[in-house]
There are 2 protein chains.
Amino acid sequence: METEDAVASLSALAQTHRLEVFRRLMSAGPDGLPAGELAAELSIAPNTLSSHLKILTHSGLVRARRVGRSIIYSVNFSGMQGLMSFLLRDCCQGRPEICEPLLSTAGQAACSPPHLPPDSLGGQPEKQKTHD
Amino acid sequence: METEDAVASLSALAQTHRLEVFRRLMSAGPDGLPAGELAAELSIAPNTLSSHLKILTHSGLVRARRVGRSIIYSVNFSGMQGLMSFLLRDCCQGRPEICEPLLSTAGQAACSPPHLPPDSLGGQPEKQKTHD
DNA sequence: CTTCTGTTTCCATAATTCGAGAATTATCGA
DNA sequence: TCGATAATTCTCGAATTATGGAAACAGAAG
């Protein structure tokens with residue numbers, strides 16, 4: 001993955017509606033969800049959602065398949081993996097202790113049973129005001 | 001982290017210059033780099049870079065500290081971790097086999113010595129460019 | 001063929017973002 | 001104090017993006 005592709009993927013996620021769609025598709029797993037159900041659940045106008053889904057699909061983070069007259073959208077996990085690898089590549093320059101906790105904590109958030117409250121993992125970003 | 005914060009972080013990364021800055025800071029590690037050096041290395045006008053750095057800092061992904069008359073920017077690893085946790089939260093709904101390879105592969109890209117070809121790690125990420 | 005449903009495309013408008021010139025602030029050394 | 005260096009803020013034109021109404025398209029059922 002190159003910078004240009006990564007920017008496309010990040011731009012795709014950098015919008016409230018699209019991020020909500022992506023996260024909903026994440027939780028839906030490989031089975032995905034039809035566009036109409038996404039629109040209803042997230043209260044987005046169908047045509048607006050359609051353009052957002054187009055952007056997500058075009059970025060490679062989401063894929064689409066037609067079933068009957070519905071179009072089912074789902075996360076493209078390998079696309080997501082490519083993005084994360086790109087963001088973290090060479091992050092620690094031979095010092096794995098720097099960025100490995102980053103991954104393990106994210107992994108805990110990701111692969112834990114869903115009934116775990118998110119705060120029990122301690123991942124609060126501190127918004128410090130230094131030279132802002 | 002909530003949707004709004006995540007959108008801010010993703011928007012911060014969803015721009016060529018800012019993504020390059022972020023990745024350069026990633027490779028620089030906790031020591032970081034002064035703004036001027038970033039500007040020179042990446043060929044970005046100082047004032048333009050400054051506004052980008054402000055956006056990155058405000059998003060919580062980057063932090064700044066003054067040293068003499070330089071301002072040193074570095075990655076805020078806990079901010080990055082918060083973003084990744086948010087993106088991956090509940091990704092597999094109790095089926096870790098779905099999203100765990102996603103993390104382990106990203107981890108290999110992240111915490112390996114630099115300049116290693118990907119296949120020397122045993123399993124390379126097969127980047128697929130699906131339809132749009 | 002006709003109708004209904006689900007989804008997308010086209011188009012116009014409103015809002016946001018990017019980049020750089022000019023001016024400003026902060027720090028250091030003499 | 002002054003001058004030089006490092007970085008930021010202000011501002012605005014140009015470009016991009018988000019949104020929804022109207023129309024069109026695709027498949028299913030009659």
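In what follows, chains are A, B, ... by sequence order, proteins preceding strands, each numbered from 1.
- For A/S51 and B/S51, each mapped to the nucleotide of DNA chain D holding its nearest heavy atom, the one lying further toward the 5' end belongs to B/S51.
- Residue B/V21 comes nearest to B/L42 through the heavy atom pair CG2-CD1, 3.6 Å, listed as atom of the first residue, atom of the second, then distance.
- Residue B/A64 comes nearest to B/I71 through the heavy atom pair CB-CG2, 3.9 Å, listed as atom of the first residue, atom of the second, then distance.
- Sequence neighbours left out, not one pair with a member in residues 72-84 of chain A passes salt bridge (charged side-chain N to carboxylate O under 4.0 Å, His left out).
- Summarising the geometry of A/L19 relative to A/L13, their closest heavy-atom pair is CB-O, 3.5 Å, with the distance given to 0.1 Å.
- Screening residues 7-23 of chain B for salt bridge (charged side-chain N to carboxylate O under 4.0 Å, His left out) gives no qualifying pairs among residues at least two apart or on separate chains.
- Rounded to whole angstrom, the span from the NZ atom of A/K54 across to the C1' atom of D/dA18 amounts to 14 Å.
- Counting only residues at least two apart or in different chains, ring-ring contact (aromatic ring centres under 6.0 Å, His included) contacts with residues 62-88 of chain A are absent.
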Inset, instruction - Between protein and nucleotides 21-30 of chain D, map the contacts as a letter string: B base, S sugar-phosphate only, - none, heavy atoms under 4.0 Å, written 5' to 3'. - result: BB----BS--
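- Checked against side-chain contact (heavy atoms from CB on, under 4.5 Å), B/S11 has the following partners two or more places apart in sequence or in another chain: A/A14, B/V7.
- Counting non-hydrogen atoms under 4.0 angstrom, B/S70 reaches the backbone sugars and phosphates but no base.
- Both A/L49 and A/L33 are part of a single hydrophobic cluster, where members link through side-chain heavy atoms under 4.5 Å apart.
- Note that the two end axes of the helix from C/dC1-D/dG30 to C/dA30-D/dT1 enclose an angle of 30°, each drawn from 5 base pairs, rounded to 10 degrees.
- Heavy-atom minimum distance, A/L61 versus A/S9: CD1-O, 3.5 Å.
- Straight-line distance from the NE2 atom of A/H52 to the P atom of D/dG20: 8 Å, rounded to whole Å.
- Checking side-chain atoms of A/T48 against main-chain N and O of A/I44 turns up no donor-acceptor pair under 3.5 Å.
- Sequence neighbours left out, the pairs with a member in residues 40-49 of chain B that pass salt bridge (charged side-chain N to carboxylate O under 4.0 Å, His left out) are B/R24-B/E41.
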Inset, instruction - Might you work through the side chain to side chain contact (heavy atoms under 4.5 Å, CB included) test for B/I55 and B/Q15, ending with a clear yes or no? - result: CA-CA 11 Å; B/I55 290 170; B/Q15 205 277 340; over 6 Å; no
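- Against DNA chain C, the stretch residues 27-37 of chain A makes heavy-atom approaches under 4.0 Å through A/P34, A/A35, A/G36.
- At a threshold of 4.0 angstrom between heavy atoms, the contacts of B/S50 include nucleobase atoms, whether or not backbone atoms are also involved.
- In 5' to 3' order, the nucleotides of DNA chain C bounding all contacts with chain A (an atom under 4.0 Å from a heavy atom) are C/dC4 to C/dT9.
- No contact: B/S11 has no heavy atom under 4.0 Å from any strand.
- Taking atom CD1 of residue B/I72 and atom C1' of nucleotide D/dT5, one finds them 14 Å apart after rounding to whole Å.
- In this model, a donor atom of one side chain and an acceptor atom of the other lie less than 3.5 Å apart for A/N76 and A/S78.
- Atom CG in B/L49 sits roughly 14 Å away from atom C1' in D/dT9 (whole-Å rounding).
- Of the residues in residues 15-24 of chain A, those placing a heavy atom less than 4.0 Å from an atom of DNA chain D are A/Q15, A/H17, A/R18, in numerical order.
- A/A40 meets the side-chain contact (heavy atoms from CB on, under 4.5 Å) test with no other residue; sequence neighbours excluded.
- Taking every heavy atom of both residues into account, B/A35 and B/L53 meet most closely at CB-CD1, 3.9 Å.
- Sorted by first then second residue, the ring-ring contact (aromatic ring centres under 6.0 Å, His included) pairs that include residues 9-30 of chain A, not counting sequence neighbours, are A/H17-A/H52.
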